[in-house]
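Hydrogens, waters and symmetry mates play no part in the numbers below; they use all other heavy atoms, side chains included. Naming: A, B, ... by sequence-line order, numbering from 1 per chain.
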Amino acid sequence: MLNFLARRLLIAAMTCVMISILTFVIIRLPPGDFVDAYIANLAASGSTVTAEQATALRREYGLDRSVFVQYGLWISRVVRGDFGISMMWRRPVTEVIGDRLWLTMVVSFSALFLTWMIALPIGIYSAVRQYSIGDYAATLLGFIGLAIPNFLLALILMYAGFRYFGLAIGGLFSAEYAEAPWSWARAWDLAKHVPLPACVLALAGTAQLIRIMRANLLDELRKPYVVTARAKGISERRLLLKYPVRAALNPFASAVAYLFPYLVSGSIVVSLVLGLPTVGPLLLQALVAQDMYLAGSIVLLLGLLTVIGTLVSDLLLMWIEPRIRLEGRG
Amino acid sequence: MAEQPAQSAPCLLSVRDLVVDFRLDQGTIRAVENISLDLFAGRVLGVVGESGCGKSITARAILGIIDRPGRIVSGRVLLDPGTTRQLDLATLSNDSRELRSVRGGRIGLIFQEPMTALSNHYTVGNQIMEAVRAHKPKMTKPEARAKAVTLLGEVGIPNPDGRIDAYPFQLSGGLRQRVGIAMALAGDPDILIADEPTTALDVTTQAQILLLLRHLQRDKKIALMLITHDMGVIAQMADEVAVMYLGRVVEKAPVEHLFAAPRHPYTRALLRSVPNIHAKPRERLASIGGAVPHPARRPSGCSFHPRCPEVIAGRCAETEPAPVPAGADGAACFHAELTP
């Protein structure tokens with residue numbers, strides 16, 4: 001087990017390093033360096049920078065040194081929480097991203113939670129009552145869910161909410177709380193706004209997971225150990241949850257890994273439509289404006305989150321699958 | 001050995017005229033047709049036949065655990081027949097509390113596939129304790145664990161204290177099958193159904209498992225229904241034998257009679273196809289001509305007639321011989337009727 005853990009952690013760390021290198025490359029992609037862009041920015045607003053000042057700036061940021069040293073300087077600042085300055089906002093990147101990262105995670109995890117809460121029971125029902133009316137209904141709804149583009153659903157829900165319930169849907173906060181400091185009232189306001197985007201984001205993933213769960217469980221239900229459990233005289237519901245569902249969860253847990261980045265990157269359009277203050281739209285703006293420090297930082301953070309998601313899914317797998325846990329001993 | 005064991009030992013389970021259908025899109029398939037069997041305390045009933053003859057379906061039908069779309073159409077499965085406690089299992093709903101208490105509690109089931117019949121997600125102790133506590137809900141966890149250790153010792157697993165925390169994938173096939181037997185015994189059943197318990201094991205392990213079953217069955221006066229396709233196993237283990245072909249019992253007899261004077265041509269053919277140590281080297285082993293017909297295309301008359309070497313022209317293909325009467329010995333064959 002320790003062997004497995006150590007290997008996974010090592011791989012995760014190596015992936016993080018790769019992601020950081022990639023991010024560094026992205027930041028350096030546009031012609032010219034940060035100081036050129038900085039000078040151009042200042043020039044646009046009327047102030048000028050002398051050649052001496054530019055050289056001093058370059059020395060300060062280590063831009064006159066080799067690429068490897070630059071990477072080292074950059075990564076050492078990143079580790080200390082300094083992601084550089086956003087050209088577009090003229091503020092430190094950390095300030096620009098600020099709450100957005102946490103709000104993105106709140107929305108994504110709500111969507112993930114909702115996905116599981118809906119997909120698991122329906123998937124189990126569909127498999128146990130295969131070819132029943134309920135199964136066909138779930139299949140139909142599942143395919144509709146897969147087929148409807150998320151942003152369209154978001155628009156429909158917004159329209160319906162506004163037209164029939166008089167709700168101003170959009171964003172994650174009401175107007176009075178949007179710029180307010182954190183308080184219980186603001187958190188409650190957030191809690192009221194999260195369900196709608198969570199539902200929209202959960203839809204496609206739910207439809208997909210229902211199909212996965214159904215197929216997995218149908219395979220497991222035919223295995224002899226189910227009959228063994230039945231022959232012991234334990235009730236159908238109990239044996240179902242204890243044996244085949246547990247086994248069918250196995251691929252379910254690994255699905256978390258790729259569901260997680262999807263929830264973040266796949267949410268850009270929905271976030272724009274719903275006006276969510278999440279990372280997705282910010283990334284889009286940063287890319288359009290060639291704000292490379294901001295874009296690079298977001299890519300870096302999303303990459304790290306994905307690595308964490310994969311790690312979590314591996315740990316989940318280890319928990320539900322003793323064969324992995326006991327690897328090297330059995 | 002007594003001709004009529006019913007007088008010497010109590011009958012624990014009587015299957016009468018059991019019919020099991022599988023309703024498929026292509027039509028209904030009759031997998032088991034009018035099977036009648038009796039299990040007596042302390043005795044072994046061998047059920048023998050080729051693959052697909054309905055042996056396993058019969059075992060599962062008794063316990064009410066046939067997979068869909070199979071279902072019992074008619075017939076009775078009587079527990080403690082003729083006593084005041086008589087209970088017809090076929091009338092109970094599959095997930096009913098009554099039938100569940102019989103499963104594992106009165107009738108234990110031992111499986112063919114030791115590699116897949118146990119879940120790899122739980123320790124063997126967990127799975128045995130579950131079976132123990134399913135029938136003794138008042139038992140505490142430490143008590144159930146102690147019982148599980150005792151059971152593992154009883155089935156000859158070395159170091160049961162340590163092995164109880166092992167996962168099935170850490171055990172060999174033979175040990176797994178022993179765990180399967182311990183699990184079947186967890187509810188102290190007086191009837192055991194062993195569905196090809198040694199088929200997936202190597203020959204040495206087979207012999208050990210059969211020996212273990214024999215000892216347990218004798219010590220605990222268990223009525224054992226042993227399902228196999230192996231005539232050697234039958235000779236070694238059974239007291240009475242039921243030979244099945246295409247969902248029916250074609251011959252029923254005490255084991256000595258069956259081997260000394262088989263009455264059904266199918267039984268004779270099965271016996272001829274057993275390898276003989278006295279045979280000359282490179283002698284070709286006798287086999288039964290043709291293959292088992294698909295149950296949906298059951299031949300007319302006697303269903304064995306297309307493969308039967310002793311077929312009576314103009315009779316076997318047209319009319320069906322009388323079935324083996326319930327609770328008695330005999331063969332469903334016109335030859336047997338001519339020479340009783």
Side-chain angles (χ1 to χ4, degrees), chain A residues 1 4 124-136 214 216-254 316-330, chain B residues 25 56 59-60 62-69 93-123 126-135 165-171 179-180 183-184 186-187 189 193 195 200:
Chain A
M1 179 162 77
F4 176 82
I124 293 172
Y125 177 87
S126 268
V128 175
R129 300 256 177 279
Q130 194 190 9
Y131 302 139
S132 68
I133 293 173
D135 176 31
Y136 284 124
R214 181 177 181 272
N216 288 348
L217 193 54
L218 279 175
D219 278 348
E220 294 300 328
L221 284 174
R222 282 185 213 117
K223 301 237 169 112
Y225 68 80
V226 179
V227 187
T228 311
R230 218 169 266 153
K232 282 193 240 177
I234 51 178
S235 72
E236 194 66 25
R237 176 189 294 257
R238 210 174 125 196
L239 77 86
L240 196 68
L241 291 178
K242 179 167 175 180
Y243 295 101
V245 169
R246 164 91 181 251
L249 276 180
N250 205 331
F252 225 66
S254 37
L316 268 177
L317 267 181
M318 207 169 90
W319 174 58
I320 60 179
E321 182 56 66
R323 261 172 298 187
I324 297 176
R325 212 185 310 146
L326 299 173
E327 200 182 40
R329 253 217 291 160
Chain B
D25 292 339
S56 300
R60 290 180 184 201
I62 289 173
L63 288 167
I65 52 171
I66 318 176
D67 285 326
R68 282 183 306 161
S93 116
N94 283 348
D95 200 31
S96 68
R97 194 177 293 271
E98 263 176 310
L99 190 50
R100 280 198 275 117
S101 74
V102 170
R103 275 186 219 139
R106 287 296 306 278
I107 309 176
L109 187 55
I110 299 167
F111 291 91
Q112 174 177 357
E113 290 286 338
M115 300 318 271
T116 51
L118 299 168
S119 165
N120 272 331
H121 286 99
Y122 301 94
T123 61
N126 178 315
Q127 295 180 62
I128 296 174
M129 280 156 68
E130 177 185 52
V132 169
R133 294 183 79 197
H135 300 286
D165 292 318
Y167 284 89
F169 58 85
Q170 296 172 309
L171 303 176
V179 169
M183 204 142 80
I193 300 177
D195 187 358

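Remark: A:Y125 pairs with no residue by the ring pair (Phe, Tyr, Trp, His ring centres under 6.0 Å) rule, at least two apart or across chains. Considering only residues two or more places apart in sequence or on other chains, B:R106 meets the side-chain hydrogen bond (donor to acceptor under 3.5 Å, both in side chains) condition with B:D80, B:D190.
Contact annotation for A:I320: only backbone heavy atoms (N, CA, C, O) come within less than 4.5 Å of a heavy atom of chain B. There is no contact between B:D195 and chain A, counting heavy-atom distances below 4.5 Å. With a 4.5 Å cut-off on non-hydrogen atoms, B:S119 touches chain A through its backbone and its side chain both. Contacts between B:Q127 and chain A at a heavy-atom distance below 4.5 Å involve backbone atoms as well as side-chain atoms. With a 4.5 Å cut-off on non-hydrogen atoms, B:R60 touches chain A through its side chain but not through its backbone.
Counting only distance, with no hydrogens or angles, the side chain of B:H135 and the backbone of B:R103 share a donor-acceptor pair below 3.5 Å.
At least one test fails for A:R238 against the ring of A:Y243: distance under 6.0 Å to the centre or angle within 45° of the axis.
Here the shortest heavy-atom pairing between A:A127 and A:L221 reads O-CD1, 4.0 Å. A pairwise comparison of heavy atoms in A:N216 and A:A248 identifies ND2-O, 3.3 Å as the closest pair. Pairing each heavy atom of A:P322 with each of A:R246, the nearest pair is CD-NH2, 4.4 Å.
When each of B:S96, B:A117, B:G64, B:G104 is checked for heavy-atom pairs under 4.5 Å with chain A, B:A117 comes out on top. With chain A as the partner, the residue from B:L109, B:N120, B:L171 showing the most heavy-atom pairs under 4.5 Å is B:N120. Comparing B:V102, B:N126, B:N94, B:I110 by how many heavy-atom pairs each has under 4.5 Å with chain A, the most go to B:N126. Note on A:K242, A:E236, A:R222, A:R230: by heavy-atom pairs under 4.5 Å with chain B, the leading option is A:K242.
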